[in-house]
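Worksheet for the structure shown next.
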Amino acid sequence: MNTNIVEKPKKRKVKHVQENIIGYLFILPVFIGIAFFIVYPFFYSLVSTFKNWNGLVPLSVAPTVGFEMYRRVLSDSLFWQAFGNTLITLIGIPIGMILSIAIAMLLNRGLKFTGIFRVIFYIPVVSSITAIIILWRAMMNTQGPINDFLALFGVKAINFLGEPGWARFSLIMMLVWKGLGTSILLYLAGLQGISDTYKEAAKIDGANDWQIFWHVTFPLLGPTHFFIVVTGIIGGMQLYVEPELLLGGGPSRATTTLLIYLFERFGAHRISEASVVAWVLGVFVFIITAIQFYTNYRREKA
Amino acid sequence: MFKKKWMPLLLSIPLLLTGCKGKTSDSVTIFIYGQAHERSIYSKIIEKFTEETGIKVNAELVNTDGYAETLTASLGTKNAPDVFYSNPASIGRYAMNGVILDLKPYLEIEAEVEDGLDYKNFLDGVVDYYRYDVTTKKRGEGEAVWAIPKDVSSYPLGYNRNIINLSVELGHWATHTKKGAWASREGGMPLPWENDPRTDKQIVYTFEEFTNACRATKFIHNEIEYFGTALIDTWAMHSWIWAAGGNWLSDDGKTVTVNTPEFIAGFTEFIDLMDNRGISQTREQMGVKPHYDRWMAGEVAFFNVGVWDVAAFESVPKELLDYGLMPTPRKDNASPEWYTYIGTLGYAVSSRTRVAQEAVKLALYMSMSTESYNRMTKYQTIQLPNNKLMVDEYLSDETIKPENKGIFLDVIQKGHGKLHPTAMAYNSLWYDAFIAELSRVWKVTDDDPSGEMSPAQYAAYVQPIMQAQLNIALADEAAGV
C-alpha cells in the first residue's frame, strides 16, 4: 500500500520530466539559431572591437589593441561627417509624420475611392527599391521632368543629385515618399481607434476643428507617433540602400551614412573598425530609444 | 509512441546538415567573376583544361556583385577557394596574413614539366606587380610571387577618325591647330594617327596641342553636336597628373603628395579641359547622355579606350565610330613622357589548398595557354596576351582590332604605364577619399563659373583626410594586420 503511494508521484514526475525534455528538444533548433546567429555574433563583434582584426585570420589570433579601434574611428573626421549625414536624414521623420497625418485624416473622412488612395499611397512601400531609384534619378535629373516643371515658372535648373545640399534634400524627399504609405496606414488605424465621443464632447464645449485636432486627436494618436518615431530613428540610423543606390554616398560624401562608412571599412579589411561603428551606432540607437520610452512612460503616467 | 515523438527531430537532422557544404578533395576550386560573355569564355577554357590534364575543376563563376565580400568571408576559413582573384593592392595584406601561397616553387616546377607553361614567358615586368617583400614591406620586390596576372590592361586614348576628317574638311583643324610649332605647317598639326615629323613616330600631343585638337573637333554639323572630348575623371585624370610630374604618394609611399605643385598643375589642366574650355561634353549633358554613349554614337573625337572595350567598339558601324589608339598627352615639348595607367588582376592560390600544384597549373593555363589566348584575345578581345611568345602573333594578326593595337602593349612594355594608385599602399581608403569628394571641383551646372573649390583648394583640403587614412594603412602594414 505504502509502496503504491510513493510510486505514483514518481511515475508522474518521470513522465513530466520526459515531456519537458521532448518539449525543449522541439524548441532547441530555435535556441540554437538564436545562439548562433544572434548571441554569438553579438559577443564576437564586441570582442573584435578590442582587436585589430582584418577577417583573414581567426579572431583569436588578431592582436589585442584595447580601445585603439575606438580611438581610430572616433577621431576620424569622415566618421563624424557620416554621423552628421545620417542625423540629417532623420529630418524626414517629422516631415513624413505631418504629411501622413494630413493624408490619413483626409482618407478617414469617408471620401470616395478611399480604398484606391490607400493602395496608391502604399505602392512605393511594396515597390522594388531599384525601380524607385531609377525613377527618382530620372525625375531629379537636371533635364528631368521636375526641372522642366520648375522651368515653367522661370526657375533655373537645379542639380538635385549633383549638389550636396540638394542631394540631401532629394534623398530625404525620396525616403519620405517611400515611407508615407506605412505611416498613413498606421495613422488611419490610430484615427479609427479614437471614439467620436471625445470629439463630440469637445464640440459641445465650443472647440473648433483645429482645437479638436490639436487638443484631442493629436494627443490620442500618441502611441502611433511613438511607434513611428522609434522605428523611424532605428531605420534612419541604419540607412544604406537608398543613399548608396541613388547617390553612391555622394556628391562630396554628402549622403555617406554611417552604414556606408561601415561598409567601406569592411571592404578594406578593417573589420574591427567596422565593428566599432556598428557598436557605436547600436549604443546610440539604444540610448535614444530608451529616452523615448522613458519620456513616453512619464507622459502616460502623468 | 516514443518513436512518433522523435521522428520529427530525426527527420530534421538531414535538413540541418544540408547547410554544411564540403569541398571534394580531388578537384580544384576556382572562384572568379566576370560579365556573362566572359564567364562563358572561362567555362570553355576550364573545360579544355580538364580535357587536357584530367584535373577536375569546380568552377564558381559569378558576376562582380558581392564577389569581394564573399571572398573576404571565406578566405580565413577552410572553405576558401583554391584559386581566386587578387589585385596588386590586396596581395600585401594577403601575404602578410598567410592566406595566399608563394607560387614561385610551384611555378618553377611547372616550368620544368614537359609542355608545361613557363612563368618567365609572362610579359616583361608584369609578374613584379605581384611581388611583395613581407620583411621590408616593399612592393614589386622580393623573391616570392604571390599571384600571377590574369590580365594586364592599359588605357590609352582613342580618336574617332570620322570627326577629325570632318574637322579637316570644314577647315576647323587648320584654324585651331596652326599654332606654336605647327604655325607654318600646311594643314596645321599632324592628325593623331600621323607621325610627328620631328621624331618620325606617331605624334604625342602636348597638353596645349591636345586642347587645340579638341577645339578643332568641337562643332555642330548637320544639326549634330560634336565634342572634342568627354573623359571620365576617375579613369582619365591620372595621365595628366603623371605627365605633369605629379603623383599621389611620395616615393617611399608614406606621404600623400596631392598638394604638390606638379600634381596641382596636372590636376588643374585636366579639370580645365573638362569644365572650363567649352570643348568637352559638360557634366549636365553627361546626365542626359553619358560620355561612353556619346562616344559610341560617334559624337566625341577623343576618348579613353581600354582593352576590354574593343569588342563593344568593334560592334559600332564604322560610319559612326572609326577609331584608333593614340598616346595620352605629354605636358610640353620639354617633357617627352606620356603615361596612362595599367590595370591588372591576378590569380592567387589559397594557402589552405590541398591541391597547390594543380591549382597553379590551372592558373597558368587560364592565364597564358594558347587556349586562353585564342579565347580571350584572338576570337574575342577581352584582354591582351599575357604570354610574350604570343605577342608577335597578336601584333601581326589583322583580324584582331584595332589596327594600331600595339599602343596597348607599348604602355606596358615601354614605360608609359603606371599601376593604378590604389596599388601603392596597404589598402585604398586613402585614395578613395580623393575620389569621393572630387565633385567639389566640378561645375555645379553649366551656368556656374566653377566648382565649389579650385583644384588647388581641393588638394589642400583633401590631403590631410587622405594622409589620415594612409597613416592607418601604414600602421596596419607595419603591424602585419
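As a basis for the values below, the full set of heavy atoms in this structure was taken, side chains included, without hydrogen atoms, waters or symmetry mates. Below, read A as the first sequence line, B as the second, and so on, with proteins coming before strands; counting in each chain starts at 1.
Between A/F26 and A/F31, the ring centre distance reaches or exceeds 6.0 Å. Residues B/Y67 and B/F31 bring their aromatic ring centres within 6.0 Å. Aromatic pair B/H420/B/Y431: centroids less than 6.0 angstrom apart.
With a threshold of 4.5 angstrom between heavy atoms, A/P63 approaches chain B through side-chain atoms but not through N, CA, C or O. Only the side chain of A/Q143 comes within contact range of chain B, with at least one heavy atom under 4.5 Å from a heavy atom of that chain. Only the side chain of A/N141 comes within contact range of chain B, judged by heavy atoms closer than 4.5 Å. Proximity to chain B is limited to the side chain of A/R270, based on heavy atoms less than 4.5 angstrom apart. Neither the backbone nor the side chain of B/A68 comes within contact range of chain A; no heavy atom of the residue lies under 4.5 Å from a heavy atom of that chain. For A/L56, the parts lying under 4.5 angstrom from a heavy atom of chain B are both the backbone and the side chain. Looking at B/V481, the atoms closer than 4.5 Å to chain A (heavy atoms on both sides) sit in the backbone and in the side chain alike. Contacts between A/R253 and chain B at a heavy-atom distance below 4.5 Å involve backbone atoms as well as side-chain atoms. Contacts between B/I472 and chain A at a heavy-atom distance below 4.5 Å involve backbone atoms as well as side-chain atoms. At a 4.5 Å heavy-atom cutoff, the contact between A/Q81 and chain B is made by side-chain atoms alone.
Each of B/D476, B/D432, B/T72 has some count of heavy-atom pairs under 4.5 Å with chain A, and the biggest count is that of B/D476.
Judged by distance alone, with hydrogens and angles left aside, the side-chain atoms of B/W430 form no donor-acceptor pair with the main-chain N or O of B/A473 at under 3.5 Å.
Looking at B/E452 and B/R440, a side-chain N of the basic residue comes within less than 4.0 Å of a carboxylate O on the acidic one, giving a salt bridge.
A/S48 and A/S272 form no side-chain donor-acceptor contact under 3.5 Å, judged by distance and modelled atom types alone. There is a side-chain donor-acceptor pair under 3.5 Å between B/Q285 and B/T282.
The residue from B/E299, B/R294, B/K289 that alone fulfils the side-chain hydrogen bond (donor to acceptor under 3.5 Å, both in side chains) condition with B/Q281 is B/R294.
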